[in-house]
Amino acid sequence: MIMIKKRNLLVILFSFIAVSFLSAKSYYVKPESSGQGSGISWSHASSNLQDMINNASAGDTICVAAGIYYGGFILKDGVCMGGGFDGTEKSFIDRQFPGSGQNLTILDGGNKQRVLTQEKGFSSRTVISGFVIQNGYALSGGGAYLFNNAVLEACVIRHNTGGTANIGDYIESLGGVVFYTSEGKAHILAVEEYGKNFQSSVVGLKGYHKLENALKDYDGKKNTEALVQSRAAKALSEYKPVTSAGVISDWYIPSIGEWSTLLSPDTLSGALSETGILVNETLKKINRTPIEGNRYWSSTAASTTGLGELWYVNFTSNSINKIHSLQYNKLRGVRRVDANAIKGMGGGLYLNEGAYVISCLVYDNQAPEASAIYLNERTYIYNSTIVNNVAVKKGEYAVGMALGATLSAIKNSLLWNNHDVDNIPLDFVNIPAYNCAARQATTTVDQPVIVLHENNENIAGPNFVNPQNCDFHLLASSPCAKAGTKSNIPGRYVFRDMDGSNYRDMIDIPVGAYAVATATGVAGPSVNGNRFVIHPLSPVKGEAMEIHFHTAETDLYQIEIVSVDGLSMHRSDFYSNSPLLLSAPYTPGVYLLNISRDGVKIQSAKIIVR
């Protein structure tokens with residue numbers, strides 16, 4: 001195992017977090033709470049990661065023990081998080097990184113929500129380090145959605161999906177939140193009200209005196225076009241918010257049928273529907289105007305005699321009522337777009353301006369476009385391994401970039417076996433790439449790019465140790481092993497690879513997130529003087545290995561062989577001070593050989609099976 005050099009804790013923490021707050025605190029999280037559950041120490045660890053994020057302040061650090069944490073988590077400015085702890089460590093650096101396969105700390109979206117969300121740019125450097133981010137689902141950035149000053153370091157991003165628009169999705173480029181879909185159209189609710197209060201009109205509308213009939217009216221667009229004498233309709237025509245896609249001006253006053261989708265089907269219950277709850281929570285999360293506590297005009301008439309009446313929705317009582325059209329209500333626009341035109345981008349990660357990805361493994365993610373990572377302007381990827389991602393749309397790439405985002409870059413990174421829906425290899429195109437390796441690549445800058453290719457069906461590729469077993473360490477024969485450069489690593493802070501090694505201490509810089517795999521040999525003595533000897537250090541698959549575990553007194557121990565992705569390959573009891581013969585795993589790769597007693601790990605070593 002590559003050992004992390006211990007330095008002065010204060011220096012490392014300040015370098016890692018990139019802020020200097022003398023009052024900084026640490027919070028502790030385990031899968032099951034302990035003690036008082038306050039999170040002030042391992043012995044009083046909380047089981048609620050989001051609560052600890054909310055309680056922390058800029059400069060604080062959250063230590064998260066190994067285990068699986070389900071949900072979607074909202075990041076906080078300046079609050080750094082680290083995974084890989086076993087729950088006994090006394091400092092932030094005494095932890096494992098994902099490349100070791102030990103103490104995996106997994107954040108899981110359950111295939112129904114994004115795993116990590118940064119709602120806006122941060123003023124302080126915020127580092128998220130040493131996690132497995134998996135099973136996220138969102139329109140864009142199923143694994144994580146990041147902005148300025150977010151740094152994702154030494155994380156595994158896997159099995160995430162950027163999909164089609166879901167109810168409750170906020171789509172900035174479309175100006176609002178999806179709240180209804182029908183006949184291939186997605187209905188988008190504006191994120192804010194327009195103006196204050198306006199009068200309306202019923203001229204040009206058909207009247208629906210009974211609510212049960214009014215609820216069948218879903219054509220607010222047609223209604224609004226007919227309301228040529230309505231002050232409310234004229235006012236809404238002036239609402240023209242600016243988004244990343246440009247100015248949007250095609251808003252209309254929703255019909256009462258459209259509004260009703262946000263209320264319980266039992267309109268007398270006084271409750272929001274599941275859709276209404278989702279939309280309201282989304283609006284609050286993005287710090288825009290929620291629907292609760294407000295009342296809005298619809299474009300559905302209750303009667304057209306005289307000056308007429310209009311139906312309106314009241315989100316204070318969560319009810320639908322009717323009033324005279326010359327009364328006053330608020331305006332909130334809706335627009336309809338082609339649902340098929342809403343493209344999921346960045347299955348693994350969606351990076352906005354100022355976000356960084358360093359030493360991450362991004363694999364087995366999918367999206368219609370940019371199956372692995374989508375970059376906007378001034379976003380950066382360093383020393384990452386991006387493999388086996390699938391674009392579910394023909395001709396799309398694993399790493400995509402917004403048009404005109406010429407100041408973004410990908411450096412010292414390895415891309416391999418990414419492809420589109422037709423299995424055509426497509427890694428990246430027209431992205432400034434420096435010292436990268438890819439099976440297929442077109443770059444906009446004249447910098448070295450190692451082209452990994454197929455020749456007579458023999459892949460002259462990156463030479464991973466065991467990609468079938470998700471072990472993407474490099475063999476010494478890999479053309480990527482020494483192809484990286486220190487000049488392409490951010491210089492202001494301490495950053496580590498997937499095994500926890502500091503890039504600044506490396507003689508040879510790899511392309512990708514992993515250095516060359518090496519065996520540990522004889523492990524150093526533990527605190528009680530035990531010694532752990534393995535022969536041979538790098539066995540052939542299925543070959544016998546001789547294990548010696550020397551202790552002061554002979555006792556019963558447990559030995560376990562574990563793959564780098566946490567799968568137990570062998571487990572048995574044995575007595576120390578006596579030779580133990582084991583067969584090496586039958587699949588080549590890097591494995592951990594752990595010694596424990598009574599459920600407590602005593603010693604560990606890494607073996608490479610050839």
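In what follows, residues are counted from 1 in the order of the sequence shown. Note: hydrogens, waters and symmetry copies are ignored here, and every other heavy atom, side chains too, is used. These figures come from a predicted structure and were not determined experimentally.
- Side-chain atoms of N103 never come within 3.5 Å of backbone atoms of A65 as a donor-acceptor pair (strictly under, hydrogens ignored).
- Of all the heavy atoms in S359 and A513, the pair that sits closest is C-CB, 3.7 Å.
- The CG atom of N594 sits 9.0 Å away from the OG atom of S568 when rounded to the nearest 0.5 Å.
- In this structure, K411 forms no cation-pi arrangement with Y382, as its terminal cationic atom is not both closer than 6.0 Å to the ring centre and no more than 45° off the ring axis.
- A ring pair (Phe, Tyr, Trp, His ring centres under 6.0 Å) with F85 holds for exactly one of Y28, F92, F131; it is F92.
- Taking CE from M81 and OG from S129, the interatomic distance works out to 10.0 Å, rounded to the nearest 0.5 Å.
- Under a 3.5 Å cut-off, the side chain of Q366 and the backbone N or O of H159 do not form any donor-acceptor pair.
- To the nearest 0.5 Å, the span separating CD1 on I358 from CE on M498 amounts to 13.5 Å.
- In this structure, S596 contributes its side chain and G599 its backbone to no donor-acceptor pair below 3.5 Å.
- Heavy atoms from other residues, nucleotides or ligands lying under 6.0 Å from NZ of K601 number more than 12.
- Scored by the ring pair (Phe, Tyr, Trp, His ring centres under 6.0 Å) test, F122 finds no partners at all (sequence neighbours excluded).
- Side-chain atoms of R114 come within 3.5 Å of backbone N or O of G141 as a donor-acceptor pair.
- A distance of 10.5 Å separates CE of M401 from CD1 of I381, quoted to the nearest 0.5 Å.
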As a quick check of understanding, evaluate side-chain contact (heavy atoms from CB on, under 4.5 Å) for I559 and L593, giving each step before the final call. CA-CA 7 Å; I559 190 166; L593 206 158; 3.0 Å; yes
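- The number of heavy-atom neighbours closer than 6.0 Å to NZ of K486, taken from other residues, nucleotides and ligands shown, is above 12.
- Counting only heavy atoms from C-beta outward, the side chains of I509 and N412 approach each other to under 4.5 Å.
- For the residue pair H570 and S572, a side-chain donor N or O sits within less than 3.5 Å of a side-chain acceptor on the partner.
- With hydrogens and angles ignored, the 3.5 Å screen pairs a side-chain donor or acceptor of D497 with a backbone N or O of D499.
- Nearest heavy atom pair, residue P462 against residue P479, reads O-CD, 4.3 Å.
- The shortest distance between side-chain heavy atoms of Y27 and C63 does not fall below 4.5 Å.
- Using cut-offs of 30° and 60° for the angle between ring planes, the F472 and F464 rings count as perpendicular.
- Between W42 and T88 there is no side-chain heavy-atom pair separated by less than 4.5 Å.
- Checked by atom type and distance alone, the side chain of S413 pairs as donor or acceptor with a backbone atom of S384 at under 3.5 Å.
- With hydrogens and angles disregarded, a donor-acceptor distance shorter than 3.5 Å links the side chain of E153 to the backbone of R496.
- Applying the ring pair (Phe, Tyr, Trp, His ring centres under 6.0 Å) rule to Y374 yields the partners Y350; only residues at least two apart in sequence or on another chain are considered.
- The CD atom of Q118 sits 8.0 Å away from atom CG of N352, with the distance rounded to the nearest 0.5 Å.
- Side-chain contact of Q134 with D108: a donor-acceptor pair under 3.5 Å is present, judged by distance alone.
- Residues T105 and I68 have side chains not in contact (no heavy-atom distance under 4.5 Å, counting atoms from C-beta outward).
- The list of side chain to side chain donor-acceptor pair (under 3.5 Å) pairs with a residue in residues 579-590, not counting sequence neighbours, is empty.
- The main-chain N or O of N376 is found under 3.5 Å from a side-chain atom of S408 such that the two form a donor-acceptor pair.
- Residues passing the salt bridge (Lys or Arg N to Asp or Glu O under 4.0 Å) test with D555, sequence neighbours excluded: R597.
- Residues A481 and A476 approach most closely at CB-O, 4.3 Å, considering heavy atoms.
- With respect to E89 and R95, no salt bridge is recorded, no charged nitrogen being found less than 4.0 Å from a carboxylate O.
- With no hydrogens or angles considered, a side-chain donor-acceptor pair links D77 and S123 at under 3.5 Å.
- A donor-acceptor pair under 3.5 Å links the side-chain atoms of E377 to the main chain of L407, judged by distance alone.
- In terms of heavy atoms, A45 sits closest to K30 at CB-CG, 3.7 Å.
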Could you walk me through whether L107 and V132 pass the side-chain contact (heavy atoms from CB on, under 4.5 Å) test, one step at a time? CA-CA 6 Å; L107 308 180; V132 176; over 6 Å; no
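- Contact check for I595 versus F574: side-chain heavy atoms found under the 4.5 Å cut-off.
- In this structure, N418 contributes its side chain and L426 its backbone to no donor-acceptor pair below 3.5 Å.
- Separation of atoms CG (L414) and SG (C480) is listed at 4.0 Å; rounding is to 0.5 Å.
- Side-chain contact check for N466 and D471: no donor-acceptor pair (N or O, by modelled atom type) lies under 3.5 Å.
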V399 and I386: side-chain contact (heavy atoms from CB on, under 4.5 Å), yes or no, with the steps? CA-CA 9 Å; V399 179; I386 303 168; 4.0 Å; yes
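- Counting only residues at least two apart or on different chains, no ring-ring contact (aromatic ring centres under 6.0 Å, His included) pair has a member in residues 52-77.
- Between the side chains of N160 and N365, a donor-acceptor pair is found at a separation under 3.5 Å.
- Using a 4.5 Å heavy-atom cutoff, the side chains of S57 and V79 are not in contact.
- With sequence neighbours left out, E353 forms a salt bridge (Lys or Arg N to Asp or Glu O under 4.0 Å) with R378.
- Of all non-hydrogen atoms in N469 and S563, the two that sit nearest each other are ND2-CB, 3.7 Å.
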Determine, step by step, whether I128 and L116 satisfy the side-chain contact (heavy atoms from CB on, under 4.5 Å) criterion, reporting the C-alpha distance in whole Å, the side-chain angles of both residues, the deciding distance to 0.1 Å, and the verdict. CA-CA 10 Å; I128 311 301; L116 293 178; 4.1 Å; yes
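- For the 3.5 Å distance criterion, the side chains of E32 and S47 fail to qualify, holding no donor opposite an acceptor.
- Across A372 and V362, no two heavy atoms sit closer than the pair CB-CG1, 3.9 Å.
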Apply side chain to side chain donor-acceptor pair (under 3.5 Å) to S46 and N48, showing your working. CA-CA 6 Å; S46 171; N48 192 316; 5.8 Å; no
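- A 4.5 Å side-chain heavy-atom check between I373 and L351 finds at least one atom pair inside the cut-off.
- When F495, F147, Y380 are each tested for a ring pair (Phe, Tyr, Trp, His ring centres under 6.0 Å) with Y356, only one passes: Y380.
- Put simply, the side chain of I133 does not reach to within 4.5 Å of the side chain of V156, judged on heavy atoms.
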